[in-house]
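Inspection log for the structure reproduced underneath, given as structure tokens.
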Number of protein chains: 2
Amino acid sequence: MFSYKERFKYFLKERNLKYTPERKEIIEAIVKLQKHFDAEDIYQQLRRQESNVSLATVYRTIPLLVDSELIIETLHCRDKVLYERIYNKKHHDHLVCINCGRIIEFYNEEVEKLQDEICRKYQFLATEHRLGIKGYCKGCQDKLNIKINSAKEKK
Amino acid sequence: MFSYKERFKYFLKERNLKYTPERKEIIEAIVKLQKHFDAEDIYQQLRRQESNVSLATVYRTIPLLVDSELIIETLHCRDKVLYERIYNKKHHDHLVCINCGRIIEFYNEEVEKLQDEICRKYQFLATEHRLGIKGYCKGCQDKLNIKINSAKEKK
DNA sequence: ATATAATTGAGAATGATAATCAATTACACC
DNA sequence: GGTGTAATTGATTATCATTCTCAATTATAT
Ligand SMILES: [Mn+2]
Ligand SMILES: [Mn+2]
Ligand SMILES: [Zn+2]
Ligand SMILES: [Zn+2]
């Protein structure tokens, strides 16, 4: 069980790529980031930790992090691509509230099994899957009902 | 059971929006389009049918088509948003080949049921879901195996 | 026919991401 | 520890899908 940094170092060596200070700082930023983040979030975290890595380098490094299976692209949200760490983490899918943006993570064994079945049926070799359910979280349902009701009352 | 055009007309009236020649031509283009299309595909279809509707109007009309539940956003593919018609069509999900871009559609009743269950569990009110499985279609698996093998042989 | 709010096309703006390029640097090898 | 070389970087520019602006036009209710 290696750390993110060790795993990234190993991945780079494997490909004859260099382990630069910039890449070291980016990995350090990644492990500090919360659940779902985009390129700009990585950049901001770098600033927080006194690093001057450029945004261009952040964008250049993301594919390396994806290829090394340290992070994965999870969602598209407001025209931005969101990533999250996956190394040493369990796979899961997402419920996304279209009102407040809240993201609920879930894992369902049966869904996973059914997906395997579907892939077998179509002789499809899956590398990744994404189940995203959009709608309203409990909080927003309540909020919006209140609005609908008061709107009706006013009528 | 209304036609796409009738439904769109009705939707527009409901919202005090105008049924313009441009919107008529866009609806006519939509029903002629194949499975998955983007804004540019709509624009090209308009050209084919001798219409001069601008791309700006296409982009402006897409949200109306989505709101009226005639089309839905299905996939992000190569930084483009793909849509497909959903009116009078069965819901389905997608297998996408990351090598050749082929899209296989499937429907699985059990997956749908499990999703309802998951939403109940989290008191989540779903408006939409999307299950996308990425990987290699049978054809590409074969092609790539050949490549891998010949690469190994050369070594 | 009139009034008015909605709609349009053309072009400019936006914004995330990718590409360029000259200067720098990691690191394998001696 | 120096050397050579291909990889890397930051700064800048380019890309390109999508949105915005605005003046001119038009659908539709009255
Ligand atoms: Mn997640
Ligand atoms: Mn489809
Ligand atoms: Zn919410
Ligand atoms: Zn394929």
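By convention in this document, chain letters (A, B, ...) are assigned in the order of the sequence lines, proteins followed by strands, and residues within each chain are numbered from 1. Note that the coordinates shown come from a computational prediction; the quantities given were computed from them, not determined experimentally. Basis for what follows: all heavy atoms, side chains included, without hydrogens, waters or symmetry-related copies.
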Inset, instruction - Return the 5'-most residue of the pair Thr57(B), Asn16(B) with respect to DNA chain C, ranking by each residue's nearest nucleotide. - result: Asn16(B)
Legend entry - Integer-rounded Å distance: dG10(D) P and Leu55(A) CG: 10 Å
Inset, instruction - Considering only NZ, NE, NH1 and NH2 on the basic side and carboxylate oxygens on the acidic side, decide whether Lys35(A) and Glu105(A) come within less than 4.0 Å. - result: yes
Inset, instruction - Measure from NE2 on His76(A) to C1' on dT18(D) and round the result to the nearest Å. - result: 15 Å
Legend entry - Basic-acidic side-chain contact under 4.0 Å: Glu117(B), Lys121(B): no
Inset, instruction - Go through residues 22-47 of chain A and report each residue with a non-hydrogen atom lying under 4.0 Å from DNA chain D, sorted by number. - result: Glu22(A), Arg23(A)
Inset, instruction - Give the rounded distance in Å between these two atoms: NZ of Lys80(B) and C1' of dT18(D). - result: 12 Å
Legend entry - Rounded interatomic separation in angstrom, taking NZ from Lys9(B) and C1' from dA27(D): 13 Å
Inset, instruction - Could you tell me whether Asp142(B) and Lys138(B) make a salt bridge, using a distance below 4.0 angstrom between a side-chain N and a carboxylate O? - result: yes
Inset, instruction - Decide yes or no for His91(A) and Tyr107(A): does some side-chain heavy atom of the first lie under 4.5 Å from some side-chain heavy atom of the second? - result: yes
Inset, instruction - Between protein and nucleotides 18-30 of chain C, map the contacts as a letter string: B base, S sugar-phosphate only, - none, heavy atoms under 4.0 Å, written 5' to 3'. - result: -BB----BBS---
Inset, instruction - Determine, for Glu28(B) against Lys32(B), whether the closest basic-nitrogen to carboxylate-oxygen distance falls under 4.0 angstrom. - result: no
Inset, instruction - Could you state whether Tyr10(B) and Leu17(B) fall into the same hydrophobic cluster, counting links through intermediate Ile, Leu, Val, Met, Phe, Trp or Tyr residues with side-chain heavy atoms under 4.5 angstrom apart? - result: no
Inset, instruction - Take atom OH of Tyr83(B) and atom P of dA17(D), then tell me their distance rounded to the nearest Å. - result: 13 Å
Inset, instruction - Classify the side-chain pair Arg47(A)/Gln44(A) by whether it contains a donor and acceptor separated by less than 3.5 Å. - result: no
Inset, instruction - Report yes or no: do Glu84(A) and His92(A) form a side-chain donor-acceptor pair below 3.5 Å? - result: yes
